[in-house]
Amino acid sequence: MFYREAGDFKTSYRDDGQTFPIRLDRWGYYAILAVAFLVVPFVIDSYWANAVLVPFLIYAIAAIGLNILTGYAGQVSLGTGGFMAVGAYAVYKLMTSFPGVPIVVHIVLAGAITAVVGVLFGLPSLRIKGFYLAVATLAAQFFLVWLFNKVPWFYNYSASGQINAPERTILGWAVTGPATTASAKYLICLVFAVVLAWVARNLTRGSVGRKWMAIRDMDIAAEIIGVNPLTAKLSAFAVSSFFVGIAGALLFSVYLGAAEASEAFGINKSFLVLFMIIIGGLGSIFGSFAGAAFLVLLPVLLKNVLVAQFGWPTDLAAHIELMIVGALIVFFLIVEPHGLARLWALTKEKLRLWPFPH
Amino acid sequence: MFDAAPQRETLLEVNNIEVIYNHVILVLKGVSLSVPKGGITALLGGNGAGKTTTLKAISNLLHSERGEVTKGAISYRGERVQELDPASLVKKGVIQVMEGRHCFEHLTIEENLLTGAYTRGDGRAAIARDLEMVYSYFPRLKERRKSQAGYTSGGEQQMCAMGRALMSRPEMILLDEPSMGLAPQLVEQIFEIVKAVNEGEGVTFLLAEQNTNVALRYAHYGYILESGRVVMDGPADALRENPDVKEFYLGMSDQGRKSFRDVRSYRRRKRWLA
Amino acid sequence: DLVVPNLSYRTGPYGANGTQYADGFNDYFTLLNERDGGIGGEKIQTPECETAYNTEKGVECYEATKGSGALVYNPLSTGITYQLIPKVSADKIPLYTPGYGRTSAKNGKVFEWVFNAPANYWDGASVAIKYLLDQNGGDLNGKKIALVYHNSAYGKEPIRTLQELSKKHGFTLTELPVDPPGQEQKSQWLQIRRDKPDYVLMWGWGVMNQTAIQEAANIRFPMENFIGTYWSGSEVDVKPVGAGANGYKALTFHGVGMDYPIYEDMKKHVIDPGKASQGGQYVGSVLYSRGMYAAVVIAEAIAKAQELAGTAQINATQLRDGFEALDITPERLAELGLPDFGPEIKMTCDNHGGSGMARLQQWDASAGKWSLITDFTEPDQEVLDPLILEDSEAYAKEAGISPRC
Amino acid sequence: MTMQEGYTTADGRQIGGVLMDLRNITLRFGGVTAIKDISFDIREGEIRAIIGPNGAGKSSMLNVISGFYVPQEGEIWFKGYRRGPMKPYEVARLGIARTFQNIALFDGMSVLDNIMTGRLNMMKAPIWSQALWWGRAEREEVENREQVEKIIDFLEIQNIRKTPVGRLPYGLKKRVELARALAAEPRILLLDEPMAGMNVEEKEDMCRFILDVNDEFGTTIALIEHDMGVVMDLSDRVVVMDYGRKIGDGTPDEVRSNPEVISAYLGVAHE
Amino acid sequence: MEFLYASEVLANGLMAGVMYSLVALGFVLIYKASGVFNYAQGVMALFAAMTLVGIMEGRVPFAHLINAAFGVHVSSFGWTVPGLFAILLTALIMVGLAIAIEKLVLKHLVGQEPIILFMATIGLAWFLEGLGDVMWGADVKVLDVGLPQGISETVETMTDNWLGYGFFIDRLDIWAAVIAAALVAALVGFSQYTKQGRAMRAVADDHQAALSVGISLQFIWIMVWSIAGFVALVAGIMWGTKSGVQFSLSLIALKALPVLMLGGFTSIPGAIVGGLIIGMGEKLFEYFVGSMVGGATENWFAYVLALIFLVFRPQGLFGERIIERV
Ligand SMILES: Nc1ncnc2c1ncn2[C@@H]1O[C@H](COP(=O)(O)OP(=O)(O)OP(=O)(O)O)[C@@H](O)[C@H]1O
Ligand SMILES: Nc1ncnc2c1ncn2[C@@H]1O[C@H](COP(=O)(O)OP(=O)(O)OP(=O)(O)O)[C@@H](O)[C@H]1O
Ligand SMILES: [Mg+2]
Ligand SMILES: [Mg+2]
């Protein structure tokens with residue numbers, strides 16, 4: 001086996017804090033990045049972009065966001081859909097109010113606005129814990145969706161309350177609007193996903209991350225050893241919402257192009273992102289990607305197999321798809337309750353020991 | 001005190017078991033022991049030696065911790081019990097008092113005790129009688145019978161856990177670290193109760209203990225576990241006189257007990273591990 | 001072959017409705033394939049793709065099917081329609097959304113690729129008010145009308161029109177939103193019970209419809225004064241309520257029931273040979289008829305396009321031309337075996353919405369069927385046209401489209 | 001005792017003035033009075049033991065000191081100032097660190113990260129700097145890591161640095177907890193039964209660590225322990241509690257011969 | 001008049017609350033016994049109601065699948081089954097379901113964290129939703145087990161005579177209230193005063209310890225899930241009668257969540273009181289404030305109301321005190 005950490009010695013504490021301590025991992029990672037940036041954009045078609053990769057990247061961002069809150073800081077939230085809506089409506093208002101400003105700035109600002117809203121709805125977390133908090137965040141979910149549905153200012157007084165993303169460009173390339181090419185969509189999402197994943201990784205390995213994890217693992221003890229729960233929890237809400245807001249902004253402006261609060265950002269979205277992080281692995285950036293991939297790809301795959309290959313009626317296929325995904329979720333949880341990320345880590349651990357277990 | 005006499009009937013036999021957690025972590029590397037009926041057998045050893053794991057392997061509680069017995073055999077009265085679920089084992093008369101007490105926090109003390117009688121089918125009257133019996137062993141519990149277990153002190157919880165086990169009318173109790181965190185007086189008291197229950201009700205005990213001193217005073221026979229292996233065993237009296245045991249487990253040197261202030265080096269090597 | 005993808009939904013909250021529509025849509029094309037060997041000799045394929053009324057799945061379905069030479073889309077969802085409008089404009093594929101979708105798409109100058117004849121939401125609202133005017137001798141002054149609507153883009157569509165109409169005719173309008181799915185409507189109906197409006201209009205979908213009709217029956221609101229939109233008037237909506245639903249009215253833009261000659265062919269070529277979608281269990285129901293009607297219009301547009309292009313193997317752009325030159329006269333309808341089934345549909349480059357005519361049907365609970373109670377009625381274009389212009393121009397400005405034609 | 005100047009212990013260590021003074025503390029939970037009007041002080045550099053039967057209120061006392069429980073009555077004086085109502089994390093910032101009776105490590109984190117949490121209050125890089133892992137954040141991380149490595153060496157837990165604490169055996173967990181408390185460089189270290197569940201050998205190690213901390217860093221230590229051997233050998237002065245009351249206070253020898261203490265706690269005179 | 005109308009709204013709110021409580025009860029039971037937040041409760045209600053209709057109407061289960069696989073057209077056995085008997089059969093099927101869930105899911109997840117179990121129930125919900133549709137079809141089904149519906153004339157005339165304004169109360173709601181009261185009484189008695197009830201609470205506190213005293217998790221879970229299945233059936237009957245049996249029935253779970261939160265996840269009486277407060281609160285809010293802000297406030301208001309309560313009592317009104325010690 002090539003998979004060895006032997007020979008990989010660290011000579012400074014800085015090196016020791018690296019994201020991929022094993023050299024082979026690091027190379028693998030660079031290779032994936034190279035393919036993602038240098039190969040995929042040239043071969044991608046609009047099906048792969050719109051049905052698979054773009055939603056995957058966007059959900060991965062949302063999943064990282066929720067993972068920061070739930071996986072790292074231990075605050076279970078079911079308000080993700082609502083926060084994504086904040087991002088979407090913020091970017092819409094910004095795009096239509098200040099057409100001259102670059103879209104990237106709008107998207108980041110939308111994240112910032114969502115962060116503020118997230119902090120607001122995070123306040124109850126200081127008293128409410130566990131599932132009570134999860135259910136309490138539903139208040140955010142329902143209230144926000146209602147608000148965007150009810151107040152015409154948010155959707156620029158359009159007749160139906162739908163919002164549409166106008167065309168915006170980066171360096172002359174359209175990234176939103178109908179003229180956007182598949183690779184442009186993919187690239188902007190990829191850049192955001194990679195940068196944000198890196199930021200998330202930095203935050204979680206530093207002192208903020210440790211505060212979050214301390215609060216997660218044992219909040220009382222954390223407070224007694226000097227973690228201020230107020231700032232720790234609220235910063236988790238802020239950072240998480242920032243990510244989720246960006247995901248919402250991208251979902252609306254780049255991916256869907258049009259959206260309506262209750263349909264695109266309903267409670268199902270909150271659940272979906274939560275599934276992703278649990279299936280992928282709580283408290284793991286890699287897990288966020290894995291979970292997003294699993295839940296975006298699996299249904300598409302199943303649908304293609306059942307309908308296109310077996311020729312089943314679509315409704316039957318849809319019902320059976322539901323059964324299969326449900327059963328697979330349970331199956332994965334039984335095999336490894338800590339998600340795909342842990343499964344991966346365990347596999348690596350076994351590889352490392354191979355061929356001499358114990 | 002009597003010798004661990006081979007003439008006594010063997011109640012429990014553990015034969016060369018191996019336990020693996022999470023499919024990768026090997027914790028017990030071939031542990032064998034036998035527990036005679038009516039005796040108090042002590043399982044001694046440092047942290048992480050595998051005492052708890054051994055007890056859980058016997059009571060079949062490993063599954064919920066993602067551990068499994070991969071080799072060896074466990075038999076109770078000559079019958080293999082590895083495949084039984086914990087409930088059937090309790091019905092057969094083997095019950096475990098877990099490390100860290102594990103009382104049902106939200107149930108009152110009395111309700112906790114009553115759950116101990118869950119597997120019994122001999123009627124309310126008998127259960128009520130045993131409740132009184134438990135209260136007579138642990139008068140403190142009677143005072144606190146109506147309070148939620150979560151709010152009682154460590155000692156009370158330990159008593160509650162033991163009382164709960166007694167409520168199942170067991171033949172054998174697996175007792176995991178009964179003295180942990182208890183005041184000296186209570187430690188004595190708990191062990192006195194163990195002795196009383198052992199003599200009065202004829203219950204067999206297998207107890208895992210760190211407090212070697214006390215354990216060897218009350219036990220009849222002892223096993224010493226180190227990193228998942230039995231490294232020494234013998235009658236309690238003999239163990240107490242063993243110089244290694246004296247030095248490493250009883251903290252005695254040739255000059256009697258040595259002061260904790262005087263310990264100088266952190267690392268000493270065990271002769272048998274050398 | 002000609003490919004007409006069927007973005008259907010047979011699962012999810014609205015599956016019960018979507019499944020009937022999809023059946024009608026499929027069966028008509030099957031009929032054409034079986035009986036006539038397709039259109040102009042070309043067989044029609046209707047690859048189905050399940051959207052579950054979910055916008056993201058809708059996008060996935062669109063992307064999955066568009067590569068195979070898809071000619072036109074009909075997603076039966078306002079949300080998905082909004083999603084697809086920019087995409088079809090970029091990909092140059094027509095989108096046909098009869099009775100749903102974006103109302104202002106009627107303006108072909110702005111929405112080159114979207115068609116929504118014969119009638120849209122605003123037409124419906126206006127026809128309903130016209131009917132009430134009729135009932136009241138042309139005067140609705142001082143009357144109270146309540147609108148119970150699905151609290152979503154779809155449900156909000158008629159509000160502006162109704163507000164305009166209330167200004168014009170002097171009735172007062174109360175808006176009562178119901179959050180989807182809409183199983184709890186106690187507050188709304190208690191308010192109706194107290195306010196005693198003269199009429200209640202409903203823009204509902206899915207379980208909301210039947211709950212509303214049930215609640216109306218519970219408070220003994222006179223069913224004759226309760227009018228649903230196109231999408232609140234199918235068997236699924238009234239049957240669960242039983243006798244209480246008797247007399248309930250709803251808008252429609254096509255005929256109902258089995259009394260059309262086409263069903264003889266349908267039986268012979270599709271149902272009896274076992275080729276019907278899902279075994280043909282919903283043949284003749286309102287939503288089935290509507291799905292079939294959508295297929296009829298698309299088929300006619302295809303035929304027209306073939307005629308214009310001079311080839312049977314048309315592409316999507318040619319189909320757009322077919323739509324814009326479409327004229328389904330009453331005679332043609334009768335020829336198709338559907339006499340008086342729908343209004344005349346005539347579309348042009350600037351009018352993608354046809355005449356906007358609709359009619360009313362009423363539920364007879366004891367007979368268990370809908371019957372038509374009015375003729376096709378023209379909506380109040382005077383009110384609607386400016387609204388459509390305003391909305392479509394706003395869109396054109398936002399999306400940077402310069403009007404054509 | 002009101003003397004402000006220190007005293008010298010039998011083995012020649014110099015003990016300073018009063019560092020923390022608890023005056024007339026009373027703590028109630030609903031109907032239960034866990035602490036009844038207790039006063040005692042802790043002097044600079046001292047090892048102060050608190051003993052008493054189970055449920056006497058010892059842990060509650062530590063919780064009061066850490067600010068987790070707010071006493072209904074009484075005052076806490078620290079370094080000569082009266083401490084107002086404070087949140088636990090504010091108390092921690094005063095230089096009061098502790099370990100817990102039922103190990104309160106952060107199970108999801110590695111040993112190293114656990115110990116690093118002890119230094120959180122010394123890491124002040126703004127969040128954006130951490131997000132970019134640049135400038136102050138990275139510098140701080142490395143600096144603090146060096147300090148933590150010293151503690152790791154000191155407690156001899158180098159080989160488990162990267163292990164998740166959940167997997168560690170009990171004794172090591174206790175040691176890691178101590179490391180985390182030490183990482184905060186506290187003025188006072190509160191230890192709640194640091195040696196429970198250990199065998200003699202491990203206790204000996206733990207004692208050594210405690211003595212060394214006290215010696216090398218001059219850290220004041222308050223210690224709850226049930227092993228009388230340990231208490232008698234280590235501590236300079238002992239407070240004895242029973243049912244929330246103070247029944248004894250003095251040197252180990254004084255306490256050992258106090259008849260009330262013997263009957264309430266020791267059971268028999270200890271050796 | 002305004003006042004009378006407000007009281008009418010209030011009364012109806014209380015009634016609606018009872019309907020929410022019926023769903024909430026199922027959650028509480030399972031949460032109490034296994035610390036599992038059973039997301040699938042709503043789908044279980046749907047599944048039970050579908051099965052009930054299917055049995056009553058003599059539908060062939062999996063007809064759609066059979067037809068697709070073998071190219072046949074089966075749909076019905078051609079018989080009908082009387083309501084009460086069908087309810088009995090459905091209850092048995094729910095027990096079977098409970099056994100299957102225990103064997104296939106719960107057993108393998110003993111001792112896992114709550115969020116993992118929660119997730120598993122979501123997987124279960126998806127599975128059951130698909131299964132229900134495959135088994136019985138996704139069409140809207142009419143459920144009629146003979147429960148009366150519509151305005152109660154007795155109440156109307158009575159209030160009219162007394163107050164001069166006839167109150168609207170749905171007869172179905174009155175039935176729901178009676179049934180809910182009976183259910184709650186039975187369940188409270190069960191959990192507080194019986195051996196199995198005590199064992200159930202013990203399991204909720206500590207799986208390991210429960211195992212160690214010989215409580216069979218398997219038995220407790222099957223029992224609890226069966227009861228929850230029965231409660232789901234009751235909820236399914238009430239809601240199915242009200243608005244037909246179809247997909248949306250599973251979404252009533254969302255109405256039960258704020259009820260749970262407010263009443264406390266572990267309290268059976270809490271489920272009722274929570275339901276009443278939520279029902280009343282949301283209807284009154286919609287009446288007084290809703291009209292000013294454009295209506296449709298009910299969904300979020302229920303949650304916000306619950307949230308406000310929680311800020312003052314983090315474990316809900318009747319929830320067990322969260323024991324916080326170090
Ligand atoms: N669930 C688990 N998963 C992985 N490893 C475990 C698990 N439980 C225990 N271990 C490991 O097994 C070894 C033996 O543990 P065990 O609890 O049996 O020791 P012990 O002798 O009871 O120690 P102590 O006196 O500290 O209780 C330890 O190294 C521990 O880390
Ligand atoms: N949060 C709380 N709520 C209610 N009662 C409490 C709480 N914390 C402690 N108590 C009660 O206060 C008393 C003192 O408890 P404490 O934990 O301080 O005892 P202790 O002296 O540390 O005992 P041990 O040696 O067993 O740890 C006990 O009776 C306990 O039940
Ligand atoms: Mg142990
Ligand atoms: Mg204590």
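Source: prediction; values computed, not measured. In the text below, chain A, chain B and the rest are named by the order of the sequence lines, each starting its count at 1.
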**Prompt:** Under a 4.5 Å heavy-atom cut-off, does chain E meet the side chain of Ser187(C), its backbone, both or neither?
**Reply:** both

**Asked** Is it true that a side-chain atom of Tyr287(E) and a backbone atom of Gln191(C) form a donor plus acceptor pair closer than 3.5 Å?
**Response** no

**Message:** Taking side chain as everything from C-beta outward and backbone as N, CA, C, O, which of these in Glu156(E) sits under 4.5 Å from a heavy atom of chain C? Side chain, backbone, both or neither.
**Reply:** side chain

**Item:** Glu8(E) bridged to Arg193(C) by N-O distance under 4.0 Å
**Value:** yes

**Prompt:** For Pro177(C), is it the side chain, the backbone, both or neither that has a heavy atom under 4.5 Å from a heavy atom of chain E?
**Reply:** both

**Prompt:** Which residues from residues 134-144 of chain E are near chain C, with near meaning under 4.5 Å between non-hydrogen atoms?
**Reply:** Ala138(E), Asp139(E), Val140(E), Val142(E)

**Message:** If you define the side chain from C-beta out and look only at heavy atoms, does anything of Asp179(C) sit under 4.5 Å from Trp300(E)?
**Reply:** no

**Message:** Heavy-atom pairs under 4.5 Å with chain C - which of Lys283(E), Arg171(E), Glu282(E) has more of them than the others?
**Reply:** Lys283(E)

**Prompt:** Checking heavy atoms, do the side chain of Glu215(C), its backbone, both or neither come under 4.5 Å from chain E?
**Reply:** side chain

**Message:** I'd like to know which of Ile219(C), Asn17(C), Val236(C) tops the heavy-atom pair count under 4.5 Å against chain E.
**Reply:** Ile219(C)

**Asked** Using non-hydrogen atoms only, which part of Tyr282(C) is less than 4.5 Å away from chain E: side chain, backbone, both, or neither?
**Response** side chain

**Prompt:** Got Tyr5(E) and Leu190(C) here, is their nearest side-chain heavy-atom distance under 4.5 Å?
**Reply:** yes

**Complete:** So, the part of Phe167(E) with a heavy atom under 4.5 Å from chain C: the answer is backbone

**Asked** What residues of residues 205-212 of chain C sit under 4.5 Å from chain E when you count only heavy atoms?
**Response** Val207(C), Gln210(C), Thr211(C)

**Prompt:** Which region of Arg10(C), side chain (C-beta onward) or backbone (N, CA, C, O), has a non-hydrogen atom less than 4.5 Å from a non-hydrogen atom of chain E, or is it both or neither?
**Reply:** backbone

**Asked** Does the pair Glu286(E) and Lys186(C) meet the rule for a salt bridge (Lys or Arg N to Asp or Glu O under 4.0 Å), with working shown?
**Response** CA-CA 11 Å; Glu286(E) 178 76 17; Lys186(C) 272 266 141 60; over 6 Å; no

**Request:** Can you measure from OG (Ser75(E)) to CD (Gln278(C)) and round to the nearest 0.5 angstrom?
**Result:** 12.0 Å

**Prompt:** To the nearest 0.5 Å, how far apart are CG in Leu251(E) and CD in Glu184(C)?
**Reply:** 13.5 Å

**Fill in**
Heavy-atom nearest pair, Gln149(E) first then Asn218(C), reads C-OD1, 4.4 Å

**Request:** With rounding to the nearest 0.5 Å, note down the distance linking CG in Leu249(E) to CD in Gln183(C).
**Result:** 6.5 Å

**Contact check, side chains of Gln188(C) and Glu298(E), non-hydrogen atoms, under 4.5 Å** = yes

**Message:** Looking at every non-hydrogen atom in both residues, tell me the closest pair between Ser248(E) and Pro13(C) and how far apart they are.
**Reply:** OG-O, 4.1 Å

